[in-house]
Amino acid sequence: LRPYRDKQRHYSICQAFALARRENRTVFMTKDDAIVATDARTGKSRTLITKQELDELIEDKFRIMPRYAFDESGNLVVASLGKIYTIDLAKKSILSEYKYPVVEGKQLANISQQPGNGPLFAYTIENNLYLFDGEKHTAVTAFEDKNIVSGQSVSRNEFGISHGIFFSPDAKQLAFF
């Protein structure tokens with residue numbers, strides 16, 4: 001693999017591979033319209049899924065490979081057309097499909113999905129916390145005073161806290177700052 005040498009990209013990829021090699025890990029990246037997994041120790045690569053396969057699964061025509069992540073089980077998570085898809089890479093099949101929370105004319109922040117990629121999302125609009133179950137939006141808090149903030153990690157980053165919304169493992173309870 002010979003990365004491009006433009007604007008620190010080469011160095012950041014080299015650093016990622018060096019760290020992954022030390023920890024005996026795999027590096028995932030987009031390459032030639034596909035998501036590729038490369039064993040950092042051996043340098044061997046394998047294609048996990050192509051853009052064309054994603055287009056067919058999700059019934060969308062991506063111009064470029066979409067942003068993606070992996071869940072705790074190693075499944076691919078992709079957002080498209082207002083939904084979040086969890087894809088089993090071995091079977092090339094959709095495991096789950098959930099509507100993503102959208103509120104017309106409002107900026108959603110601090111979006112958190114329940115464990116296990118379930119249908120519940122918690123998020124904030126301005127200073128209040130809301131819950132979205134795939135169909136309806138429910139206000140959890142209704143503070144009129146803008147100085148009272150819910151669901152955000154205000155002044156806690158120095159303690160390693162980077163978010164303020166926490167679902168219980170079974171998603172029946174919601175804790176927040």
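For reference, positions follow the sequence shown, starting with 1. These numbers come from the heavy atoms of this one structure, side chains and all, not from hydrogens, waters or symmetry mates.
- A ring-centre distance under 6.0 Å is found for H137 and F132.
- With hydrogens and angles left out, the side-chain atoms of N128 and T141 include a donor and acceptor closer than 3.5 Å.
- Residues F167 and V140 fall within the same hydrophobic cluster, defined by Ile, Leu, Val, Met, Phe, Trp and Tyr side chains chained together at heavy-atom separations under 4.5 Å.
- Contact check for I125 versus L108: side-chain heavy atoms found under the 4.5 Å cut-off.
- Distance OH/Y123 to NZ/K106: 10.5 Å, rounded to 0.5 Å.
- Side chain to side chain, T26 and D39 fail the donor-acceptor criterion of an N or O pair below 3.5 Å.
- For the ring pair (Phe, Tyr, Trp, His ring centres under 6.0 Å) test, residues two or more places apart in sequence or in another chain that qualify with F28 are F70.
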May I have the step-by-step check of side chain to side chain contact (heavy atoms under 4.5 Å, CB included) for I111 and Q113, ending in yes or no? CA-CA 7 Å; I111 299 171; Q113 187 177 11; over 6 Å; no
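- In this structure, I49 and M65 approach most closely via the heavy-atom pair O-CE, 3.9 Å.
- Closest approach of L89 to G74, counting heavy atoms only: CD1-O, 4.2 Å.
- Under the 4.5 Å side-chain heavy-atom criterion for Ile, Leu, Val, Met, Phe, Trp and Tyr, Y130 and I84 are members of the same hydrophobic cluster.
- The main-chain N or O of D55 is never found under 3.5 Å from a side-chain atom of D60 such that the two would form a donor-acceptor pair.
- One finds the CZ atom of F176 at 5.5 Å from the CG atom of L129 (value rounded to the nearest 0.5 Å).
- Two residues are said to be in side-chain contact when any heavy atoms from C-beta on lie closer than 4.5 Å; Y98 and L120 fail this criterion.
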Please report the C-alpha distance between D88 and K92 in whole Å, then the side-chain angles of each, then the deciding distance to 0.1 Å, and finally whether the salt bridge (Lys or Arg N to Asp or Glu O under 4.0 Å) criterion is met. CA-CA 6 Å; D88 181 326; K92 301 280 195 289; over 6 Å; no
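- Other residues, nucleotides and ligands contribute more than 12 heavy atoms inside 6.0 Å of the NZ atom of K146.
- Nearest heavy-atom pair, K51 versus I64, reported as atom, atom and distance to 0.1 Å: CD-C, 3.8 Å.
- Grouping the Ile, Leu, Val, Met, Phe, Trp and Tyr side chains by contacts below 4.5 angstrom, directly or via other members, places L131 apart from F177.
- Side chain of T124 to main chain of N127: no donor-acceptor pair is present (N/O by atom type, distance under 3.5 Å, no hydrogens or angles).
- Looking at P119 and D133, their side chains never come closer than 4.5 Å, going by heavy atoms from C-beta outward.
- Across every non-hydrogen atom of Y85 and S80, the tightest pair is CE1-O, 3.6 Å.
- Remark: F121 engages Y100 in a ring pair (Phe, Tyr, Trp, His ring centres under 6.0 Å) (not counting sequence neighbours).
- Interatomic distance, OG of S73 versus CG of L95, reported as 9.0 Å (0.5 Å rounding).
- Atom-to-atom distance recorded for I94:CD1 and N75:CG is 12.0 Å, nearest 0.5 angstrom.
- Hydrophobic cluster membership differs between F166 and L174, with clusters built from Ile, Leu, Val, Met, Phe, Trp and Tyr side chains linked at under 4.5 angstrom.
- Remark: D33 CG to L54 CG distance equals 10.5 Å, nearest 0.5 Å.
- Within 6.0 Å of CD on Q52 lie no more than 12 heavy atoms contributed by other residues, nucleotides or ligands.
- Judged by distance alone, with hydrogens and angles left aside, the side-chain atoms of E56 form no donor-acceptor pair with the main-chain N or O of E53 at under 3.5 Å.
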Is there a salt bridge (Lys or Arg N to Asp or Glu O under 4.0 Å) between K99 and E135 once you walk through the steps? CA-CA 8 Å; K99 288 182 184 177; E135 296 298 323; 3.7 Å; yes
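- A heavy-atom distance below 4.5 Å is found between the side chains of T138 and K136.
- Proximity of I87 to I58: side-chain heavy atoms (C-beta onward) are separated by under 4.5 Å at one or more points.
- Other residues, nucleotides and ligands contribute more than 12 heavy atoms inside 6.0 Å of the CG atom of D145.
- The closest side-chain heavy-atom distance from T86 to D71 is below 4.5 Å.
- Nearest heavy atom pair, residue T38 against residue S45, reads OG1-OG, 2.8 Å.
- Inter-residue side-chain proximity for I35 and L76 is flagged as met; some heavy-atom pair is nearer than 4.5 Å.
- Across every non-hydrogen atom of F143 and S150, the tightest pair is CE1-OG, 3.3 Å.
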